[in-house]
Amino acid sequence: MSIASPLTRFVTAVLFLIGLAGLVTAAQAASNTGKPGVVIQVSENNPAIWNLALNNAKNIQQDMGKENVNIEIVAYGPGIHMLKFDSEVAPRVKEASANGVAIRACGNTMKAQKLTEKDLEGSVQVVPAGVIEIMNKQREGWAYIKP
Amino acid sequence: MSIASPLTRFVTAVLFLIGLAGLVTAAQAASNTGKPGVVIQVSENNPAIWNLALNNAKNIQQDMGKENVNIEIVAYGPGIHMLKFDSEVAPRVKEASANGVAIRACGNTMKAQKLTEKDLEGSVQVVPAGVIEIMNKQREGWAYIKP
Amino acid sequence: MSIASPLTRFVTAVLFLIGLAGLVTAAQAASNTGKPGVVIQVSENNPAIWNLALNNAKNIQQDMGKENVNIEIVAYGPGIHMLKFDSEVAPRVKEASANGVAIRACGNTMKAQKLTEKDLEGSVQVVPAGVIEIMNKQREGWAYIKP
């Protein structure tokens, strides 16, 4: 048994914790080394923009493989009309959702415009606040696209 | 005293530095594990967009608590008009600023449009270049929103 | 030779690998501690936006020094017209490219609009999908600007 042993063991344990902490922190930071994600913002009342957003989602799925990428479309403000059940792109919204694209409506906008879930295309889910959803996704390492 | 001791100590020291470097690098990278921040870009001469930007900031503060999030609105190009003292949203700009939202005007745009600080709402601060301010905030881990 | 030595060495080796892994992961995550980059999206058929995008790139190069920053303009959807050889900003596109700004056209958009490389300003390079190019740059730590 060497004299250095207890100290060495203590330093070794400290090092282990530091190394482990570094690894965990790095892994959290490096969410961009995991499965890619992209959040697509729609905040305009403009069907050309809605179709461009849906085209973007479709192209990303076709080119990367839909199992290899997370895509979420978040509509808020004047963009909320994209997600109404009688929107001119409602069939495309439903199709995108069936293909695994998450479609989210801003709860704050819905309150302000006195809309309820019944006013939305059936596959749409409501989040409390569209902008915070978009912030959170970026914090998780997702890319951001505003078509 | 064991024969292995000096080597063990050296390897231990190297490990300590590597672990520490990993932790520090990770912590720098992981600014997105700190207080959330969001930079909101206004580059259009369009009061509807200005109000949407101000609504976004207000909603984020209401939903997250204004002490829990950093918000900065950066106006440049045609968006600079939002921040003039006689802009139709000047009272809302002043109110947002009083609530802790940082409001920044692009110095390059001001030079190009021959504007001075006297032309701006009193709470606005000028940064050298709006786009570089927006880049820097993103590099610090802030989310980006273009309403 | 101390009794603890073989165990200490093993633990030391494990620690070394953990520390190293942490450092490498952190370094990958922390691409935002390397040379700054910014990807500028153009997805509108609007010369005012095209000029704003080109002004943004120019200002960034002037203020940061063009050797200190990577800039890429990606045009897709209705924005593709910016990059045609007969676009009204074609001379500025050529100039930006000569100054080291990477100019990229979306291959998916070109197929959809039956365009070939001959239709584009000579310095433009085609990428398979504009949105995926923009996603990838953000994953590498680049900032995103939509003028």
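Below, each value reflects all heavy atoms present in this structure, side chains not excepted, and no hydrogens, waters or symmetry copies. The sequence lines fix the lettering, A, B, ..., with proteins before strands; numbering per chain opens at 1.
Nearest heavy atom pair, residue A:Lys146 against residue C:Ser43, reads O-OG, 4.3 Å. Considering every non-hydrogen atom in both C:Ile132 and A:Asp63, the closest pair reads CD1-CB, 3.3 Å. Taking each heavy atom of A:Pro147 and C:Gln41 in turn, the nearest pair found is CA-NE2, 3.9 Å. Taking every heavy atom of both residues into account, A:Leu52 and C:Pro78 meet most closely at CD2-CD, 3.9 Å. For the pair A:Met64 and C:Met135, the tightest heavy-atom approach, listed with the atom from each and the gap, is SD-CE, 4.2 Å.
Using a 4.5 Å cut-off between heavy atoms, A:Ile145 contacts chain C through both its backbone and its side chain.
Under the 3.5 Å distance criterion, with hydrogens and angles disregarded, no donor-acceptor pair is assigned to the side chains of C:Asn108 and A:Asn55.
The side-chain heavy atoms of A:Asn56 and C:Tyr76, taken from C-beta on, include a pair separated by under 4.5 Å.
Annotation: C:Glu117, atom CD; neighbour count of heavy atoms from other residues, nucleotides and ligands within 6.0 Å does not exceed 12.
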